[in-house]
Amino acid sequence: KRPIDIHLNGFEAFGVTTNYHEDYIYLSAKNGLRAATVFLSYPSVGATQNLLLLASGIEGKSVLYNAAQEPEILDLIEVLKLMGVKIELSFGGTITIYGSKSLKPFQYIVMPDRLEASTLLIAAALTKGSIHIPNAPAFAMKSIIHHLTKMGNKVFVGPNEYGITLEAADIQTNVNAKTMPYPGLSTDYQSPLLALMAVSRGQAIIHETVFENR
């Protein structure tokens with residue numbers, strides 16, 4: 001299931017009070033917000049993004065441990081830096097934020113959607129066709145490129161790790177797969193990959209570790 005306790009526990013560390021009434025959750029900070037240190041029980045992308053945004057507007061040093069490290073998190077960090085927030089990323093998913101109440105406007109080009117690009121690659125493999133996606137962020141798609149290549153498809157990556165071309169194999173051989181946080185195989189790839197495995201040669205096992213109902 002997709003609980004939001006990681007979000008709420010993180011908010012409370014920053015001084016937020018949580019109240020439940022019927023189907024709603026009410027958040028308040030009557031005594032103001034304060035910098036905090038938070039350990040995430042799971043490297044949730046959404047919780048990491050929420051806590052990054054919250055900490056960036058609070059003066060002082062905040063630290064997130066076991067934070068998500070998806071490319072989209074790094075993209076958000078670049079935006080916050082442009083807004084005037086000092087952020088340090090350390091090995092193991094530790095993010096240190098020096099927040100500020102004085103943030104400034106910015107201009108930024110958001111990275112292309114790696115999940116959308118991966119779905120198109122799988123669709124081309126599924127239909128035994130070919131596809132070229134000029135702006136696909138190959139640097140962030142290593143796991144799906146690995147699996148598609150292992151199945152027998154030819155995958156070519158463009159210069160500077162942008163752009164992907166796939167030429168599907170006539171006969172594709174199944175490989176086992178296990179979903180996990182980045183840089184592992186994303187749970188979002190699981191459904192289309194399952195469809196591809198259903199028409200490929202041999203047995204395969206998909207181990208879903210992120211969302212049980214997927």
Donor-acceptor pair, [X] side chain versus [Y] backbone, under 3.5 Å?
{"X": "Gln203", "Y": "Ile205", "answer": "no"}
{"X": "Ser62", "Y": "Ala35", "answer": "no"}
{"X": "Ser28", "Y": "Lys30", "answer": "no"}
{"X": "Asn153", "Y": "Ala169", "answer": "yes"}
{"X": "Thr179", "Y": "Thr209", "answer": "yes"}

**Request:** I would like to know whether Val175 and Thr173 meet side chain to side chain contact (heavy atoms under 4.5 Å, CB included); could you show each step before the answer?
**Result:** CA-CA 7 Å; Val175 294; Thr173 304; 5.9 Å; no
**Asked** Hey, is Lys142 close enough to Glu161 for a salt bridge, meaning N to O under 4.0 Å?
**Response**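 Salt bridge flag = yes for Glu161 with Lys142.
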Quick one: [atom1] on [X] to [atom2] on [Y], what's the gap to the nearest 0.5 Å?
{"X": "Ile58", "Y": "Ser100", "atom1": "CD1", "atom2": "OG", "value": "11.5 Å"}
{"X": "Glu208", "Y": "Met180", "atom1": "CD", "atom2": "CE", "value": "10.5 Å"}
{"X": "Leu166", "Y": "Lys154", "atom1": "CG", "atom2": "NZ", "value": "11.0 Å"}
{"X": "Ile122", "Y": "Thr127", "atom1": "CD1", "atom2": "OG1", "value": "11.5 Å"}
{"X": "Lys178", "Y": "Ser143", "atom1": "NZ", "atom2": "OG", "value": "14.0 Å"}
{"X": "Leu193", "Y": "Thr187", "atom1": "CG", "atom2": "OG1", "value": "11.0 Å"}

**Asked** Run the side chain to side chain contact (heavy atoms under 4.5 Å, CB included) check on Leu80 and Leu53 step by step: do they pass?
**Response** CA-CA 8 Å; Leu80 293 171; Leu53 292 168; 4.1 Å; yes
May I ask you to test the [X]-[Y] pair for a side-chain heavy-atom distance under 4.5 Å?
{"X": "Leu121", "Y": "Val155", "value": "no"}
{"X": "His7", "Y": "Ser44", "value": "yes"}
{"X": "Glu70", "Y": "Thr48", "value": "no"}
{"X": "Arg114", "Y": "Tyr189", "value": "yes"}
{"X": "Leu54", "Y": "Phe11", "value": "yes"}
{"X": "Tyr20", "Y": "Leu8", "value": "yes"}
{"X": "Met151", "Y": "Asn174", "value": "yes"}
{"X": "His132", "Y": "Phe156", "value": "no"}

**Request:** Classify the ring geometry between Tyr24 and Tyr26 as parallel (under 30°), tilted (30 to 60°) or perpendicular (over 60°).
**Result:**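 The rings of Tyr24 and Tyr26 sit tilted, inter-plane angle from 30° to 60°.
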**Prompt:** Using the ring of each side chain (for Trp, its six-membered ring), is Tyr162 parallel, tilted or perpendicular to Phe139, with breaks at 30° and 60°?
**Reply:**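 Because their plane-to-plane angle is over 60°, the rings of Tyr162 and Phe139 count as perpendicular.
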Identify the heavy atoms of [X] and [Y] that sit nearest to each other, and give their distance.
{"X": "Leu185", "Y": "Ala177", "result": "CD2-CB, 3.7 Å"}
{"X": "Ala195", "Y": "Leu126", "result": "O-CD1, 3.6 Å"}
{"X": "Glu12", "Y": "Thr18", "result": "OE2-OG1, 3.1 Å"}
{"X": "Ala140", "Y": "Met111", "result": "CB-CE, 4.3 Å"}
{"X": "Ala117", "Y": "Ile133", "result": "O-CD1, 3.5 Å"}
{"X": "Ala138", "Y": "Val157", "result": "CB-CG1, 3.5 Å"}

**Asked** Where do Tyr98 and Glu88 land on the side chain to side chain contact (heavy atoms under 4.5 Å, CB included) test, with the steps shown first?
**Response** CA-CA 9 Å; Tyr98 298 89; Glu88 298 171 353; 4.0 Å; yes
Kindly work out whether a path of hydrophobic side-chain contacts (I/L/V/M/F/W/Y, heavy atoms less than 4.5 Å apart) joins [X] to [Y].
{"X": "Leu64", "Y": "Val16", "result": "yes"}
{"X": "Ile73", "Y": "Val63", "result": "no"}
{"X": "Val210", "Y": "Ile206", "result": "no"}
{"X": "Tyr108", "Y": "Leu74", "result": "yes"}
{"X": "Tyr42", "Y": "Leu52", "result": "yes"}

**Message:** Looking at Lys128, I'd like to know if its NZ atom is crowded, meaning that more than 12 non-hydrogen atoms belonging to other residues, nucleotides or ligands lie closer than 6.0 Å.
**Reply:**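 More than 12 heavy atoms, drawn from other residues, nucleotides or ligands, come within 6.0 Å of this atom.
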**Request:** Check the surroundings of atom CZ in Phe14: do more than 12 heavy atoms from other residues, nucleotides or ligands lie under 6.0 Å from it?
**Result:**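 Counting other residues, nucleotides and ligands, CZ of Phe14 exceeds 12 neighbours.
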**Request:** Evaluate side chain to side chain contact (heavy atoms under 4.5 Å, CB included) for Leu51 paired with Ile95, printing each intermediate quantity in order.
**Result:** CA-CA 10 Å; Leu51 298 177; Ile95 304 176; over 6 Å; no
**Prompt:** Does Val110 sit in a hydrophobic cluster with other residues, and if so which ones, taking ILVMFWY side chains as linked at heavy-atom separations under 4.5 Å, directly or through other members?
**Reply:**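 The other cluster members (ILVMFWY side chains, heavy atoms under 4.5 Å, direct or chained): none.
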